[in-house]
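Just below is one structure, and these are the notes that go with it.
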Amino acid sequence: MLTDLDLDALWDYRSTYVRPDDFDSFWDSTLAEARSLDLKVEAVPVDTPLRTLDVYDVTFSGFGGDRIHAWLRTPRGKTGLPAVVQYHGYGGNRGSAVENLTWASAGFAHLQVEVRDQRGGAGFMTRGIADRDTYFYRRVFTDAVRAVDAVRALGSPDVAVIGNSQGGGIALAVAGLVPDLAAVHSQAPFLCDFRRALNVCARPPYTELTTYIAENRRSGIFPTLSYFDGVGFATRAVAPAWFSIGLMDDIVPPSTVFGAYHAYAGPRQIAVWEHSAHEAGGSDDLDIALDAFRSRLEMP
C-alpha cells in the first residue's frame, strides 16, 4: 500500500525546509577544523580467499581526530582507479572483508566506510541534539567527507559516493560538502525533510525524534536539525545524482526524498519503484547506478 502521497502529488511536492543563514559557514568551519588535523591514512592488506580482488583494512582520522574504519576493495593488482565510497544504513556496519563485492568486481576501487559507534543499537538520532555543535551527525558527516579525502590520498582522485537509507542521506550530505565529486547514488535517502518525516512516519528511526519530543516536551530540536537536513545539502550539491524511492516505503517517506530531489542543484534523475518498499528497487536500481557510474567515472 502507499505510505505517503501518490505519484502526481510527489512530483508537485516541495519541502518547506529553510536553510539557516549560517549553514555554509557552519560546515565550512567544521570541515576546516577537521582538515587541520593529519588524515593519517593507513591501508593494511587483508588475507582473504578472494582471488580477483585485493582487500585492505583502512583507517583514517575523522571528526576530532577519531579513527574511522573502512574496507578498501580493488581489482587484483590495480591502482589509481576511480573510487566509489559507500556509507551504510542505520545501526549497521561495514560488514566483513568478503562481503559487498559488486563495485570492486565492476572495476572500481570501493571504500566501504563504517559509521562511528553504529554496530547495532539505536538512539543515534537524538545523541547530542541539544546543540548543533554536539549533534551526532556533525561527526558522521565530517567523517564521511574525510573518507573521500582518504580514498583520494590512496590514489583515486575521481570519486563517487553512494548509500541506501542512512547511507543515502550521508552520501547526499557529502555531495553538498564536496564540490568536485563525479557522481552520487542516493537510494531511499534517510535524514531528509525532517519536519515532513516526523509528521507522516510512524516507524523507527524517525520515531526516535518524535518520542524524544513527546517525552521531553522539546519541539525546539528543529533548529539543530536544520543544519543536518538533506534538503539543505541538496541545494549545494552539483555532481550528477541518481535518486531512488519505493512508493511503499514506510521507513523513509517518499515525499521527503522528493523534497531533497526537487531541491538538488545539479543534474538529477530519480527512479520511482511503484511496488518497492525501503529497498527502493534493490538490485534493479543498482544496475541503474552501475551503468550511470561507468559513464561518469573514467576507467583506466
Side-chain angles (χ1 to χ4, degrees), residues 15 17-37 61-68 87-92 113-148 161 163 165-178 186 189-199 201 204-237 252 256 259-260 263:
S15 173
Y17 167 84
V18 177
R19 197 171 82 177
D21 290 341
D22 60 347
F23 184 98
D24 292 344
S25 60
F26 171 74
W27 280 107
D28 289 347
S29 62
T30 294
L31 296 183
E33 180 181 346
R35 285 172 167 152
S36 71
L37 303 175
S61 296
F63 183 94
D66 298 336
R67 299 300 284 171
I68 306 302
Y87 311 102
H88 63 71
Y90 191 80
V113 184
E114 182 156 287
V115 175
R116 60 170 62 215
D117 301 339
Q118 278 198 1
R119 284 186 162 264
F124 305 105
M125 293 293 293
T126 59
R127 184 181 293 184
I129 201 170
D131 189 279
R132 66 181 189 177
D133 289 337
T134 59
Y135 191 41
F136 176 70
Y137 281 99
R138 183 180 182 221
R139 287 148 177 75
V140 172
F141 292 167
T142 302
D143 297 343
V145 169
R146 293 296 269 167
V148 174
V161 293
S165 193
Q166 175 187 254
I170 296 172
L172 186 57
V174 174
L177 295 172
V178 180
S186 188
F190 182 50
L191 307 170
C192 297
D193 207 356
F194 284 109
R195 284 188 181 272
R196 172 71 183 173
L198 269 58
N199 284 337
C201 188
Y206 278 126
T207 51
E208 291 181 16
L209 292 171
T210 51
T211 299
Y212 178 87
I213 291 170
E215 291 180 350
N216 296 280
R217 304 294 188 268
R218 292 195 60 177
S219 59
I221 64 173
F222 290 105
T224 294
L225 292 174
S226 67
Y227 291 90
F228 304 92
D229 196 307
V231 180
F233 292 112
T235 64
R236 292 173 41 127
V252 169
T256 66

Could you check Arg146 against Phe63 for side chain to side chain contact (heavy atoms under 4.5 Å, CB included), going step by step and ending with a plain yes or no? CA-CA 8 Å; Arg146 293 296 269 167; Phe63 183 94; over 6 Å; no
Test side chain to side chain contact (heavy atoms under 4.5 Å, CB included) on Leu198 and Ile213; report intermediate values, then the result. CA-CA 10 Å; Leu198 269 58; Ile213 291 170; 3.9 Å; yes
Looking only at heavy atoms, what is the nearest atom pair of [X] and [Y], with distance?
X      : Y      : answer
Gly259 : Ser15  : CA-CB, 4.2 Å
Leu37  : Gly64  : CD1-C, 3.8 Å
Ile129 : Thr224 : O-OG1, 3.1 Å
Pro20  : Ser226 : CG-OG, 3.2 Å
Val145 : Val174 : N-CG2, 4.1 Å
Ala122 : Glu208 : CB-OE2, 3.3 Å

Would you check if the side chain of [X] reaches a backbone N or O of [Y] as a donor-acceptor pair within less than 3.5 Å?
X      : Y      : value
Gln166 : His88  : yes
Tyr90  : Pro205 : no
Arg196 : Thr256 : no
Arg236 : Gly176 : yes
Tyr17  : Cys192 : no

Residues two or more places apart in sequence or in another chain: which of them pass ring pair (Phe, Tyr, Trp, His ring centres under 6.0 Å) with [X]?
X      : result
Tyr206 : Phe190
Tyr212 : none
Phe233 : Phe23, Trp27, Phe141
Tyr135 : Tyr137, Phe228

Please evaluate residues Val113 and Ile170 with respect to the criterion side chain to side chain contact (heavy atoms under 4.5 Å, CB included), reporting the C-alpha separation (whole Å), side-chain torsions for both, the decisive distance (0.1 Å), and the verdict. CA-CA 11 Å; Val113 184; Ile170 296 172; over 6 Å; no
Could you tell me which residues satisfy salt bridge (Lys or Arg N to Asp or Glu O under 4.0 Å) with Arg139, sequence neighbours excluded, listed by chain and number?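 Residues passing salt bridge (Lys or Arg N to Asp or Glu O under 4.0 Å) with Arg139: none at all.
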For Arg19, salt bridge (Lys or Arg N to Asp or Glu O under 4.0 Å) partners two or more places apart: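 Here the qualifying residues are Asp24.
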Atom pair [atom1] ([X]) and [atom2] ([Y]), whose distance is rounded to the nearest 0.5 Å:
X      : Y      : atom1 : atom2 : result
Leu172 : Leu177 : CG    : CG    : 9.5 Å
Asp193 : Cys201 : CG    : SG    : 12.0 Å
Ile68  : Asp143 : CD1   : CG    : 3.5 Å

Can you check whether Val231 reaches Phe194 side chain to side chain, under 4.5 Å on heavy atoms?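 Answer no - side chains too far apart.
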Taking the six-membered ring of Phe222, is NZ or CZ of Arg195 closer than 6.0 Å to its centre and within 45° of its axis?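 Yes, a cation-pi geometry holds between Arg195 and Phe222.
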Let me see the working for Met125 and Leu191 under side chain to side chain contact (heavy atoms under 4.5 Å, CB included), right down to the final yes or no. CA-CA 9 Å; Met125 293 293 293; Leu191 307 170; 4.0 Å; yes
Test side-chain contact (heavy atoms from CB on, under 4.5 Å) applied to Thr30 and Arg138, Arg35, Arg132, the passing residue: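 For Thr30, the side-chain contact (heavy atoms from CB on, under 4.5 Å) check succeeds only for Arg138.
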